[in-house]
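Step one of this worksheet: look at the structure below.
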Amino acid sequence: KQEVTQIPAALSVPEGENLVLNCSFTDSAIYNLQWFRQDPGKGLTSLLLIQSSQREQTSGRLNASLDKSSGRSTLYIAASQPGDSATYLCAVHTSGTYKYIFGTGTRLKVLA
Amino acid sequence: DTAVSQTPKYLVTQMGNDKSIKCEQNLGHDTMYWYKQDSKKFLKIMFSYNNKELIINETVPNRFSPKSPDKAHLNLHINSLELGDSAVYFCASSHTLSQTGLRNTIYFGEGSWLTVV
């Protein structure tokens with residue numbers, strides 16, 4: 001059974017810092033992994049999707065990496081801004097299933 | 001145009017009532033989902049439909065009944081509401097889960113906040 005964990009659960013950093021969010025999953029047989037952002041009272045916005053054959057994906061100041069064999073993904077945020085404050089969730093699509101399993105989320109606060 | 005829209009956004013109702021949440025996607029996707037987010041913000045899948053057919057029912061009480069009249073709609077009906085049903089319910093869709101790749105990006109609605117009193 002796939003389990004997805006995110007560390008840390010919460011993070012507070014000063015503006016301008018580079019930071020890394022971690023996502024671990026127990027079953028490495030995955031199709032892809034997706035990172036989302038959730039603002040308070042809002043739905044989820046897809047940030048990056050990494051296919052199982054890829055090692056990383058980049059979008060602007062965001063870079064997501066995937067190490068399938070070790071069951072890990074990281075989301076790197078460069079030069080953080082107060083507008084980056086949100087909860088970040090990773091979700092894994094395990095091979096042979098019709099669902100995404102979500103991690104526990106990291107609540108990020110970037111201080112001005 | 002909103003890609004995945006769900007109504008109502010807020011719903012306050014008494015225990016024992018029956019209520020429905022509607023969801024529509026205009027992305028032409030084959031697969032639709034209902035997720036429940038609890039008070040600890042943990043997202044858990046409830047149902048998955050592919051081309052109007054139920055694919056996943058994640059041990060959800062049978063008071064919850066999804067209905068997919070067509071590929072673009074997946075409604076959630078809840079009977080005999082209980083206090084523990086209070087949560088945020090998210091509808092989502094993706095192109096198809098039978099393939100890998102960028103077409104599997106999953107898109108979420110804004111959520112429906114259900115409060116049972």
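Numbered from 1 within each chain, the chains take letters A, B, ... in sequence-line order. All heavy atoms count here, side chains included; hydrogens, waters and symmetry mates do not.
Ring-centre distance between Tyr100(A) and Tyr35(B): not below the 6.0 Å cut-off. Between Phe108(B) and Phe102(A), the distance separating the two ring centers is shorter than 6.0 angstrom.
Inter-residue side-chain proximity for Leu44(A) and Leu43(B) is flagged as met; some heavy-atom pair is nearer than 4.5 Å. Thr87(A) places none of its side-chain heavy atoms less than 4.5 Å from the side chain of Lys41(B).
Within a 6.0 Å sphere centred on CZ of Arg37(A), heavy atoms belonging to other residues, nucleotides or ligands number more than 12. For NZ of Lys22(B), the number of neighbouring non-hydrogen atoms (other residues, nucleotides, ligands) closer than 6.0 Å is 12 at most.
Phe90(B) and Gln38(A) make their closest contact through CZ-NE2, 3.4 Å (heavy atoms, listed as atom of the first residue, atom of the second, distance). Residue Ile106(B) comes nearest to Ser46(A) through the heavy atom pair O-CB, 4.2 Å, listed as atom of the first residue, atom of the second, then distance.
The contact between Ile55(B) and chain A is made entirely by side chain atoms (from C-beta outward), counting heavy-atom distances below 4.5 Å. Neither the backbone nor the side chain of Gln6(B) comes within contact range of chain A, judged by heavy atoms closer than 4.5 Å. Heavy-atom distances place the side chain of Lys9(B), and not its backbone, under 4.5 Å from chain A. With a 4.5 angstrom heavy-atom cutoff, Thr104(A) touches chain B via backbone and side-chain atoms both.
When hydrophobic residues (I, L, V, M, F, W, Y) are linked wherever their side-chain heavy atoms come within less than 4.5 Å, the members clustered with Leu114(B) are Leu11(B), Met15(B), Ile21(B), Met32(B), Trp34(B), Met46(B), Phe47(B), Tyr49(B), Leu54(B), Val60(B), Phe64(B), Leu74(B), Leu76(B), Ile78(B), Leu81(B), Leu83(B), Tyr89(B), Val116(B).
Screening Leu49(A), Asn32(A), Leu48(A) for a side-chain contact (heavy atoms from CB on, under 4.5 Å) with Thr105(B), the sole residue that qualifies is Leu49(A).
Of the inter-residue distances, the one linking Ser94(B) atom OG with Gln34(A) atom CD reads 8.5 Å to the nearest 0.5 angstrom.
With hydrophobic clusters built from ILVMFWY side chains whose heavy atoms lie under 4.5 angstrom apart, Tyr76(A) does not share a cluster with Tyr88(A).
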